[in-house]
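Report on the structure given below.
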Amino acid sequence: MRGTSMVFEGRCWKFGDNIPTDRLVKSRYVFEPMSEIVRHVLEDLDPRFPLEVEPGDIVVAGRHFGQSSGRAIATKALQATGIGCVVAATFARTFYRNCFEIGLPALEVPDVTDLVSTGDRLRVDITEGTFTNLTTGTTRTVPPADPFLLEMLAGGGLIELAIARPGLFGAPPATAPG
């Protein structure tokens, strides 16, 4: 996976610790069209976020981001806002895996919320594990995600990867009876 750079640069939206998926997407919206859901992503934590988030912006959070429910709708809604990637001190494991499965880049950077303020300009290289606050000049390098997770990202998510690589999971490609 080295050599295939996934670099994201954008404005920081900073959030705190222990944010459950129900704070990303309230349960009353989960059956609404995505166009409605994105109008409410993270609104309880920062009412400006769904109104002002721009393509390429970067969500930064503290510990245990995406805890509680394993609903993939939370990662899908976050991705639908147009953010470039999400960085957290730690992620709930299911949320973290869901990010890669839908093609939403994610990076764990310990104590990342101590390194940023909302509005800072950030650069994140998912492949190399490099996080840079362009506003302050602070840089951290962390181990990147597992190569298979990076391959999922490069492929556009798990489903797209499986379609592109029949037999990836051990089963031969389906053939029509003949």
Side-chain angles (χ1 to χ4, degrees), residues 6 8 10-53 56-120 122 124-127 129-131 133 138 140-153 156-159 161:
M6 287 184 245
F8 302 91
R11 175 179 52 165
C12 173
W13 289 90
K14 179 181 174 179
F15 297 93
D17 294 332
N18 305 311
I19 297 173
T21 54
D22 291 336
R23 297 294 298 274
L24 280 111
V25 176
K26 294 178 202 162
S27 58
R28 70 174 174 250
Y29 295 115
V30 297
F31 296 111
E32 298 295 328
M34 190 57 73
S35 59
E36 178 65 17
I37 293 171
V38 297
R39 294 178 52 222
H40 303 282
V41 172
L42 291 165
E43 70 181 350
D44 286 349
L45 299 172
D46 187 341
R48 296 176 309 123
F49 182 80
L51 302 172
E52 298 176 20
V53 65
D57 284 354
I58 297 170
V59 168
V60 174
R63 296 183 327 265
H64 311 299
F65 188 67
Q67 65 184 17
S68 301
S69 165
R71 290 189 301 224
I73 192 71
T75 53
K76 291 176 182 177
L78 199 54
Q79 182 182 48
T81 67
I83 64 166
C85 65
V86 60
V87 179
T90 61
F91 291 94
R93 296 293 74 182
T94 301
F95 184 90
Y96 183 72
R97 184 61 182 237
N98 284 345
C99 285
F100 289 91
E101 287 183 2
I102 67 158
L104 176 61
L107 185 67
E108 288 188 331
V109 178
D111 301 317
V112 68
T113 55
D114 295 339
L115 308 176
V116 300
S117 296
T118 292
D120 286 353
L122 307 178
V124 179
D125 186 328
I126 299 293
T127 305
T130 304
F131 173 88
N133 184 328
T138 303
R140 294 289 186 274
T141 301
V142 298
D146 178 84
F148 180 69
L149 295 179
L150 294 174
E151 185 178 0
M152 259 196 269
L153 279 181
L158 181 62
I159 293 172
L161 181 63

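When a residue number appears, it is its place in the shown sequence, counting from 1. Note: hydrogens, waters and symmetry copies are ignored here, and every other heavy atom, side chains too, is used.
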| In chain order, what residues pass the salt bridge (Lys or Arg N to Asp or Glu O under 4.0 Å) check against Asp146, with sequence neighbours excluded? | none
| message | Suppose we screen for side chain to side chain contact (heavy atoms under 4.5 Å, CB included). Which residues come up paired with Pro50, at least two apart in sequence or across chains? | response |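 Once residues adjacent in sequence are excluded, the partners of Pro50 under the side chain to side chain contact (heavy atoms under 4.5 Å, CB included) criterion are Glu43.
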Report the distance from atom [atom1] of [X] to atom [atom2] of [Y], rounding to the nearest 0.5 Å.
| X | Y | atom1 | atom2 | value |
| --- | --- | --- | --- | --- |
| Cys12 | Ile58 | SG | CD1 | 8.0 Å |
| Cys85 | Ile126 | SG | CD1 | 4.5 Å |
| Thr90 | His64 | OG1 | NE2 | 5.0 Å |
| Ser68 | Ile19 | OG | CD1 | 11.0 Å |
| Phe100 | Leu150 | CZ | CG | 6.0 Å |
| Glu52 | Thr81 | CD | OG1 | 13.0 Å |

| task | Would you confirm whether the ring centroid of Phe65 sits within less than 6.0 angstrom of the ring centroid of Phe95? | result | yes
So do [Y] and [X] actually touch side chain to side chain, heavy atoms under 4.5 Å?
| X | Y | value |
| --- | --- | --- |
| Val87 | Val59 | no |
| Ile37 | Val30 | no |
| Lys76 | Leu104 | no |
| Phe49 | Asp57 | no |
| Thr94 | Asn98 | yes |

| task | For Ile83 and Trp13, run side chain to side chain contact (heavy atoms under 4.5 Å, CB included): C-alpha distance rounded to whole Å, both residues' side-chain angles, the deciding distance at 0.1 Å, then the answer. | result | CA-CA 10 Å; Ile83 64 166; Trp13 289 90; 5.8 Å; no
| query | Restricting to pairs with a member in residues 109-119, which pass side chain to side chain donor-acceptor pair (under 3.5 Å), not counting sequence neighbours? | reply | none
[X] side-chain N/O to [Y] backbone N/O, donor-acceptor pair under 3.5 Å:
| X | Y | answer |
| --- | --- | --- |
| Lys14 | Val116 | yes |
| Glu36 | Tyr29 | no |
| Asn133 | Leu115 | yes |

| Between Cys99 and Val86, is a side chain to side chain contact (heavy atoms under 4.5 Å, CB included) present by the stated rule, with each step listed? | CA-CA 9 Å; Cys99 285; Val86 60; 4.2 Å; yes
Minimal non-hydrogen separation, [X] against [Y], with atom names:
| X | Y | value |
| --- | --- | --- |
| Ala88 | Val112 | C-CG1, 3.9 Å |
| Gly129 | Pro144 | N-CB, 4.1 Å |
| Val25 | Ala77 | CG2-CB, 3.4 Å |
| Ala92 | Gln67 | CB-CA, 3.5 Å |
| Gly66 | Thr21 | O-CG2, 3.5 Å |

| task | Before giving the answer on side chain to side chain contact (heavy atoms under 4.5 Å, CB included), spell out for Phe15 and Val60 the whole-Å C-alpha distance, their side-chain angles and the decisive distance to 0.1 Å. | result | CA-CA 6 Å; Phe15 297 93; Val60 174; over 6 Å; no
| side chain to side chain contact (heavy atoms under 4.5 Å, CB included) between Gln79 and Ile102: does it pass, once the steps are laid out? | CA-CA 9 Å; Gln79 182 182 48; Ile102 67 158; 3.4 Å; yes
| Arg63, Arg93, Arg140 screened by salt bridge (Lys or Arg N to Asp or Glu O under 4.0 Å) with Glu108, the one that passes | Arg93
